[in-house]
Amino acid sequence: MTDYSTSLRTDRCGDLRVGDVGRQVTLCGWVDRRREHGEHLAFVDLRDRSGVVQLVIDGAHDLRSEYVLQVTGTVRERPADTANDGLATGAVEVDTTDVTVLSTAEPPPFPLDDRIDVDEVVRLRHRYVDLRRPRMQRNLEVRARVNSAIRQAMEEQGFVEVETPMLIASTPEGARDFVVPSRKEPGSFYALPQSPQIFKQLCMVGGVDRYYQIARCLRDEDLRADRQFEFMQLDAEASFVSQDDVLAFISHAVSSATEAVTGERPGEIPRMSWDEAMERFGSDKPDIRFGMELVELTEVFADTGFRAFQAPCVKGIRVPGGADLSRNRLDDLTEQCKQWGAKGLVWMKVEDDGINSPVAKFLSDEEMGALRSTLEAEIGDLLLIVADERHTVRHVLGLVRLELGRPPVTEGGLHFLWVVDFPLFEGLDDTGNPIPAHHPFTMPHEEDLDALERGDLLDVRSRAYDLVLNGWELGSGSVRIHRREIQEQIFAVLGIGAEEAQTKFGFLLDAFRYGAPPHAGFAFGMDRLTAILAGEENIREVIAYPKTQSGADPLTNAPARIDEHHLTELGLRILPPTD
RNA sequence: GGUCCUGUGGUGCAGUUUGGAGUGCACGCCGGCCUGUCAAGCCGGAGGUCGCGGGUUCAAAUCCCGUCAGGACCGCCA
């Protein structure tokens, strides 16, 4: 039990219980609420990180909201019928004899009440006030507990924490780098790390056979509910291991973090192949908390006369009870599907007297029957069908499924999932070169080395894997290539020549010449894991000082201009805006 | 780069569809009353560039155009 007493206080407000009755205590905290009954009786809820306790004050005091107080008094049991069951300290109160105002305060810019959703930019501008709210206190605590549990879990498994630099050389692949100008070498720039990827692989060559780091990563890409410019990853890498070993290490870590927050350890995390995830859920990060899976209909319409269904792939989803969606909503949904890349969306309402759909007249009775039985349609359901190239159908229906079925973050439990057997390449670019799905050091699946040899590149799976939680991609990893000839083969199919490879990745390739162990690793986003465990839809809620969607910080007004002489020193000049 | 939603006293909202005086609700704030409240209660009061700019109109929070800010999403994030 931590001792929270200090020179200024004996106890924390929220810790007082019936067992403390009779004790004289000194407390420090903020005025949460006041209930004044004239000159001779006032109730003041005093709040600190631990919670609130009711002070009973006799005599006049000018105590306003958010004043910081030090009070001394005696803990006593509340009179009969005045206990507050809704409060942890509700059985007691402090009969206050001394009150010292440590700080006065202006009225807060917004109510410190978790029941009211205040505009986020107002909260961020006064984040120091926002952080006093129980919700934020709790989220920061959840975050700290997750961090601690992850560290402990990695260390239990023999991982060594190694710190890697923030000022590094820009690497050409991947996300847009944040850059930092060099003063000593004007015109040259450092990049801030998108991840410690190369450093951790160098650690493997360096004999650190189990590396981990809770690392800050920075990517200059557009922000989202689950993405900030800077974010924290558990980054890990191990030597002399297989994919299964890595999955076990990371499963242990996320299970420990989950247990630390919820008190319950999740069972073994199931695995699903990338192909199955795409076929059944239309996503490589399937949210398996709910059904509405994608159902294959290509065969049903193999000989159809309906032109819109004469496509390489037809799939549908059944929305239980969705027949009451309005025509407007369906039109919006159809429009959205077009924006997502489909030619259109076919909807059918299953009603008492048959199928209600604008396209029903184009389909034969056999097709209708087969459709209903394949989708297991029941009266009151809505059926949504997309026909197109297979990847488009999966993608669009996957988004439709989430749009219509995704539960709130706090519902449906915690469903971790390993997605394995990713393709090595996700397609071909305009010049016919394959696009690596992961990074170019990802080991091809050993069973698919023949296909790689033959040049059937899109059939080659990789030893890459993702960890998914409730439809959020927590992170990804892979077995790395440590053999020179396979690396050269990959570079060759990627169209990267020996010289280019040397320029881009020279120091890693050089390192590999000095004895590279087989190794594999993983990294996952701590903010995302923490948000879901805290029941938040948005990682900003678990970050003390986040940025808005445009990348600004309303608290400090970053980003900001810098002085001319500062620019000059760095050899920089700002161009006029172009438009 | 794109689609959609939001912007009204300190805070949360209604009002915008169908133009007619800044019209309303709740919280907070200020003052008064109040000895068992706990989202205390009662009485009174203050507080507004309806995000900003332009247009239409006799008249704009309301309609139109532009712009800024915030949010959700697509693209992007090897």
Side-chain angles (χ1 to χ4, degrees), chain A residues 32-46 52-59 62 64-66 78-87 89-90 93 95 106-126 129-130 171-177 194-195 197-198 217-229 231 332 335-342 395-396 398-399 402-403 406 422 424-427 429 434-442 462 464 473 476 478 494 496 504-505 525 537-538 540 547-552 554:
Chain A
D32 196 63
R33 277 204 174 77
R34 298 159 291 147
R35 295 173 292 280
E36 292 176 56
H37 295 253
E39 246 180 287
H40 290 293
L41 179 64
F43 300 102
V44 171
D45 291 337
L46 192 68
V52 298
V53 69
Q54 173 165 288
L55 311 177
V56 182
I57 299 177
D58 184 359
D62 189 23
R64 308 290 171 120
S65 286
E66 301 306 313
R78 292 198 190 186
D81 300 329
T82 65
N84 184 346
D85 294 337
L87 213 57
T89 60
E93 60 191 10
D95 184 19
E106 291 178 22
F110 52 88
L112 299 191
D113 187 331
D114 281 346
R115 287 167 302 204
I116 297 165
D117 275 325
V118 178
D119 184 71
E120 206 179 338
V121 75
V122 178
R123 292 173 53 201
L124 293 183
R125 193 173 295 135
H126 302 278
V129 173
D130 193 40
T171 49
E173 306 286 326
R176 195 178 296 116
D177 283 321
Q194 296 176 25
S195 77
Q197 182 62 38
I198 290 182
C217 304
L218 299 106
R219 295 177 190 175
D220 188 3
E221 298 291 349
D222 289 354
L223 293 78
R224 291 286 163 77
D226 61 352
R227 275 162 34 188
Q228 284 269 305
F229 281 155
F231 57 98
D332 287 349
E335 191 50 42
Q336 189 131 51
C337 286
K338 288 179 181 166
Q339 268 161 25
W340 287 332
H395 176 64
V396 172
L399 290 172
L402 292 176
E403 174 81 22
R406 186 170 204 173
F422 270 69
L424 192 59
F425 306 106
E426 63 185 23
D429 68 15
I435 304 162
H438 204 53
H439 57 64
F441 313 112
T442 304
S462 69
E473 182 194 320
S476 59
S478 64
L494 289 173
I496 299 174
K504 286 182 173 176
F505 313 110
E537 305 272 2
N538 192 310
R540 292 189 298 273
K547 295 192 174 43
T548 65
Q549 201 165 69
S550 63

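Just so we're clear, the structure is a prediction, and the values are computed from it rather than from any experiment.
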Rounded C1' spacing from C76(B) to U16(B) in Å: 36 Å

Sugar-phosphate, base or nothing in reach of Glu36(A), heavy atoms under 4.0 Å: base

Nucleotide paired to A61(B) in any strand shown, Watson-Crick or G-U, under 3.5 Å: none

Phe43(A) ring over U37(B) six-membered base ring, under 5.5 Å and 30°: yes

Sugar-phosphate, base or nothing in reach of Glu537(A), heavy atoms under 4.0 Å: nothing

Pairing partner of U23(B) (Watson-Crick or G-U wobble, both distances under 3.5 Å): A14(B)

Residue matched to U3(B) through Watson-Crick or wobble contacts both under 3.5 angstrom: A72(B)

CZ on Arg406(A) to CG on Leu399(A), rounded to 0.5 Å: 10.5 Å

Sugar-phosphate, base or nothing in reach of Asp117(A), heavy atoms under 4.0 Å: sugar-phosphate

Between Arg224(A) and Gln549(A), a side-chain donor and acceptor under 3.5 Å: no

Inter-nucleotide C1' distance (C50(B), G24(B)), Å rounded: 14 Å

Sugar-phosphate only, base, or nothing, as touched by Asp220(A) at under 4.0 Å among non-hydrogen atoms: nothing

4.5 Å side-chain heavy-atom contact, Glu36(A) and Phe43(A): no

Under-3.5 Å donor-acceptor pair between Gln54(A) side chain and U37(B) base: yes

Closest-nucleotide ordering on RNA chain B, the 5'-leading residue of Ser550(A) and Arg219(A): Ser550(A)

Sugar-phosphate only, base, or nothing, as touched by Ser65(A) at under 4.0 Å among non-hydrogen atoms: sugar-phosphate

Rounded interatomic separation in angstrom, taking CZ from Arg34(A) and C1' from G31(B): 13 Å

Minimum-distance nucleotide to Thr548(A) side chain [options: G75(B), G70(B), U11(B)]: G70(B)

Distance in angstrom units between Glu106(A) CD and C30(B) P, rounded: 11 Å

Listed partners of Gln339(A) passing side chain to side chain contact (heavy atoms under 4.5 Å, CB included), at least two apart: Glu335(A)

Short side-chain N/O contact from Gln549(A) to OP1 or OP2 of A72(B), under 4.0 Å: yes

Pairwise C1' distance, G15(B) and G31(B) [rounded to whole Å]: 31 Å

Sugar-phosphate, base or nothing in reach of Pro79(A), heavy atoms under 4.0 Å: base

Touch class at under 4.0 angstrom, heavy-atom based, for His126(A) against every strand present: nothing

Any donor-acceptor pair under 3.5 Å from Thr89(A) side chain to Gln54(A) backbone: no

Mate of G44(B) where both pairing distances stay under 3.5 Å, Watson-Crick or G-U: C30(B)

Same-atom distance (P) from G28(B) to A39(B), integer angstrom: 12 Å

Closest nucleotide among C30(B), G1(B), G36(B) to the Arg64(A) side chain: C30(B)

Touch class at under 4.0 angstrom, heavy-atom based, for Gln339(A) against every strand present: sugar-phosphate

Touch class at under 4.0 angstrom, heavy-atom based, for Arg227(A) against every strand present: base

Touch class at under 4.0 angstrom, heavy-atom based, for Ala42(A) against every strand present: nothing

Atom C1', compared across G10(B) and G48(B): separation rounded to whole Å: 12 Å

Between P of C76(B) and CD of Glu221(A), the distance in whole Å: 10 Å

Nearest-Å distance once atom C1' is located in both U8(B) and G22(B): 9 Å

Listed nucleotide nearest any side-chain atom of Asp119(A), set G12(B), C74(B), U37(B): G12(B)

Sugar-phosphate only, base, or nothing, as touched by Arg33(A) at under 4.0 Å among non-hydrogen atoms: sugar-phosphate

G-U wobble or Watson-Crick pairing nucleotide for U35(B) (cut-off 3.5 Å, both distances): none

Atom pair distance, as rounded to whole Å: CG in Asp226(A) and P in C76(B): 15 Å

Base paired to U67(B) (Watson-Crick or G-U; both N/O distances under 3.5 angstrom): G51(B)

Sugar-phosphate only, base, or nothing, as touched by Asp81(A) at under 4.0 Å among non-hydrogen atoms: nothing

Sugar-phosphate, base or nothing in reach of Thr82(A), heavy atoms under 4.0 Å: base

Whole-Å distance separating the CG atom of Leu402(A) from the P atom of A72(B): 16 Å

Closest-nucleotide ordering on RNA chain B, the 5'-leading residue of Leu399(A) and Pro109(A): Pro109(A)

Lys547(A) and Phe229(A), any side-chain heavy atoms less than 4.5 Å apart: yes

Whole-Å P distance, U6(B) and A14(B): 10 Å

Any Arg540(A) side-chain N or O less than 4.0 Å from OP1/OP2 of A72(B): yes

Verify stack between His37(A) ring and G36(B) base, 5.5 Å, 30 degrees: no

Interatomic distance, Arg35(A) CZ vs G41(B) P [rounded to whole Å]: 11 Å

Asp220(A) backbone acceptor or donor facing Arg176(A) side chain under 3.5 Å: yes

Atom-pair distance (CD on Gln197(A); C1' on C77(B)), nearest Å: 15 Å

Donor-acceptor pair, side chain of Ser478(A) and main chain of Thr442(A), under 3.5 angstrom: no

Sugar-phosphate, base or nothing in reach of Arg78(A), heavy atoms under 4.0 Å: base

Whether over 12 other heavy atoms sit under 6.0 Å from Glu39(A) CD: no

G41(B) and G36(B), which share atom name C1', separated by this distance in whole Å: 13 Å

Whole angstrom value for the distance that separates P of C74(B) from CG of Asp332(A): 17 Å

Side-chain N or O of Asn84(A) closer than 4.0 Å to phosphate OP1/OP2 of G36(B): no

